[in-house]
Amino acid sequence: MAEMARLSDALRAHDDAYHRRDDPEISDADYDALKRRLRALEAAHPELIAEDSPTQTVGAAPAEGFEKVRHRVPMLSLGNAFTDEDALDFEARIRRFLSLETDMPVALVAEPKIDGLSLALRYENGRLVEAATRGDGTTGENVTANARTLDTVPERLEGAVPEVLEVRGEVYMTHEDFAAMNAAQADKGAKVFANPRNAAAGSLRQLDSRITAERPLKFFAYSWGEVSSLPAGTQSGVLDFFRALGFMVSPAAKAVSGIREALTHYRGIEAERANLGYDIDGVVYKVDRLDWQRRLGFRSSQPRWAIAHKFPAERAQTVLEAIDIQVGRTGALTPTARLRPVTVGGVVVSNATLHNEDYVAGLGADGQPIRDGRDLRVGDTVTVYRAGDVIPKVIDVDIARRPATAQPWARPTACPICSAPAVREAGEAVRRCTNGLTCPAQAVERLKHFVSRGAMDIEGIGTKQVEAFWALEWVREPADIFTLEARFGPKGRDARRLARLEGWGERSAEKLFAAIDARRQVPLHRFLFGLGIRHVGETTAKLMARSYGSWATLAEAMTAAAMATGDEPSNEPRDHLLAIDGVGAVLADAVIAFFADERAMAAVDRLIAHVSPEDAEAPVATDSPVAGKTVVFTGKLEKMSRDEAKARAESLGAKVSGSVSAKTDLLIAGPGAGSKLKKAEALGIETVDEDGWLALVADL
Ligand code: IVH
């Protein structure tokens, strides 16, 4: 409904003025009146509540009001499986990693994936001492007072309880409680929630725990963080232990003999989904044996020993009202669907990605027809789907309902922002603006990326501020952010002042300068991610930061890789980059290309004059004999897979490389070792066999 959208926009603008810029534009009473009006409309049309409606977001204030808690054991996320094949692959990967015989069963626990928010409960000597939300996985919010109000969170644990026990699980709301609560809220003229998950999140993250106490929240236990000891050797055993302590554990959690039985259980849970009484969005499979879980460990932020098998996504039909082109930070032109708003799985969707121009034309990534070759046209009735938190997609079109006047969509030939020719290179699915950083859209997108949360995380500069500073020509590249104060601060050398800009004041300008100063030192991975190198996401940035340790080392290695020309037989710095678990050739070459680009490097040099990336701490067990060493595996390993050996070496602080050089400290050579062994011998590098390696790292 148009009025709801208008109210939402207005409230968001006022929220921004109030919270981010500390400069409210309307009185509190007027603000409350707008919000009441929106709530009333939402109460009358709950199916139209947008996920990002200002009534749904908990708002900046409470988030800032909680104390931060650093998780002693990070709270990780799960990888996804969407098909049975994905689930079978999961088991195959485990077998490979653990080098299991083909007839060795991999017992699992299959349990519902509850759609709520995760909570960590810390017990010391049986008493609840701290409750924390997940936050970004490393740091969460202290919600102890609120958690204590839940009936399903025991205050004291009886019996033989480990000294330290951090129980983790999901806070959720049942459908029945959700409906009753929303009805009561609507009666009071108070906020109604779009779905049980939002309601649970909004209720747990209340600054006043008396409000939480009135909300019907429940807690299911399914995992753990720091523990001084565990009374069981299996996942299912620990779940039984949790039950015995008085926690609720999902009754649908089941120990199964292997992935086949897990899939059967998945079908059973899927069939019962509507009768469960609370939202779940899939089934989690976890390796039952905890010694195997430990060996499998983690790959970046996801466990190798667990996976979430998602239920098929929700879908809905609506009208494609327009196809817009978005210009990304690398110049990619992405067609985007503007849709008549429609509810998909409890969330209002009005935009969806169309991936690339072939997708609109009815061609898949492999050049083969998709949707039987049907193209998408403005005016078409399309099917939209949405899986979990991912961006909604348009997956099909109903040709029978196509208006007679609908025209085929014309691929862009120029960038919609800078009008430079847009080209599509052979073998690429993406058409790109050819203007590089001269294209304002690309430059602006890069800046937005640079200041964003996962990157430099500069508080007080977001999309709007970047666009405004760009329009004023105050900021053209990241380095310019760090000279804002010297130019436009109270003692700036430019006559213009930030504090005098519309929407700003002395205080908000001061706050911004302080926030910028706070980022003159940042963790290396944030800096690296912020550079916006193609294919370098947060995870890869972390992997690279950990592997190289410092900006100087990384830059030196990448520059060396960029200088080593293609005709040389080997490019050692490139090999080193490729040896990082999680770095492939496409990514490596994108990074190297970035360091070979003079203009990009000049901008980086200007930035480095203001920002000092902090050295990354290697996750090193410093007392291990291989900490800080560079090791190479060659030949066949018989007792563990190459992947497990590599992961183990890395977790002990070693760098694993794919090639032998003067920098190699240790070669582990199995049967069949050839040229690498010869080279190591020639260089006088210490060499051990697999047993020697196992003896070295045993009991660590
Ligand atoms: S296990 C190391 N089990 O899903 C893995 N997570 O994507 C720890 N979730 O943040 C998580 N039900 O909030 C696990 N039975 C279940 C779950 C579950 C819901 C959520 C949890 C987590 C997210 C992972």
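There is a side-chain donor-acceptor pair under 3.5 Å between H175 and D279. Using modelled atom types and a 3.5 Å distance limit, the side chains of D288 and S236 yield a donor-acceptor pair.
In this structure S612 satisfies the side-chain hydrogen bond (donor to acceptor under 3.5 Å, both in side chains) test with no other residue, sequence neighbours excluded. With sequence neighbours excluded, no residue forms a salt bridge (charged side-chain N to carboxylate O under 4.0 Å, His left out) with D151. Residues forming a side-chain contact (heavy atoms from CB on, under 4.5 Å) with E638 (at least two apart in sequence, or on another chain): P671, E690. For S547, the side-chain hydrogen bond (donor to acceptor under 3.5 Å, both in side chains) test picks out H576, with sequence neighbours left out. With sequence neighbours excluded, no residue satisfies salt bridge (charged side-chain N to carboxylate O under 4.0 Å, His left out) with R273. R168 pairs by the salt bridge (charged side-chain N to carboxylate O under 4.0 Å, His left out) definition with E166, not counting sequence neighbours. For A669, the side-chain contact (heavy atoms from CB on, under 4.5 Å) partners are T634, L667, A673, L677, T687, not counting sequence neighbours. Annotation: salt bridge (charged side-chain N to carboxylate O under 4.0 Å, His left out) contacts of R243 (sequence neighbours excluded): D240.
Around the CD atom of E556, the shell of radius 6.0 Å holds no more than 12 heavy atoms that belong to other residues, nucleotides or ligands. Within 6.0 Å of CZ in R156 there are 12 or fewer heavy atoms belonging to other residues, nucleotides or ligands.
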Please table the atom pairs, donor to acceptor, closer than 3.5 Å between any side-chain atom in residues 255-269 and protein atoms at least two apart or in another chain.
| from | atom 1 | to | atom 2 | distance (Å) |
| --- | --- | --- | --- | --- |
| S257 | OG | E261 | OE1 | 2.7 |
| E261 | OE1 | S257 | N | 2.9 |
| T264 | OG1 | R260 | O | 3.1 |
| H265 | NE2 | A252 | O | 2.7 |
| Y266 | OH | K310 | O | 2.8 |
| R267 | NH2 | D84 | OD1 | 2.8 |
| R267 | NH2 | D84 | OD2 | 2.6 |

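Every pair tested for side chain to side chain donor-acceptor pair (under 3.5 Å) that includes a residue from residues 665-678 fails, sequence neighbours excluded, so the list is empty. Residue pairs satisfying the ring-ring contact (aromatic ring centres under 6.0 Å, His included) criterion with at least one member in residues 93-136, sequence neighbours excluded, are listed as follows: Y123-F247. Residue pairs meeting the ring-ring contact (aromatic ring centres under 6.0 Å, His included) criterion with at least one member in residues 142-165: none, sequence neighbours excluded.
Residue E614 forms a side chain to side chain contact (heavy atoms under 4.5 Å, CB included) with just one option from Q521, R526, H525, and that option is Q521.
Within the 4.5 Å cutoff, side-chain heavy atoms of N142 are placed close to those of E130.
The aromatic rings of H449 and F529 lie perpendicular to each other, with more than 60° between the two planes, well past the 30° mark.
The pair E650-K646 does not count as a salt bridge, with every side-chain nitrogen at least 4.0 angstrom from each carboxylate oxygen.
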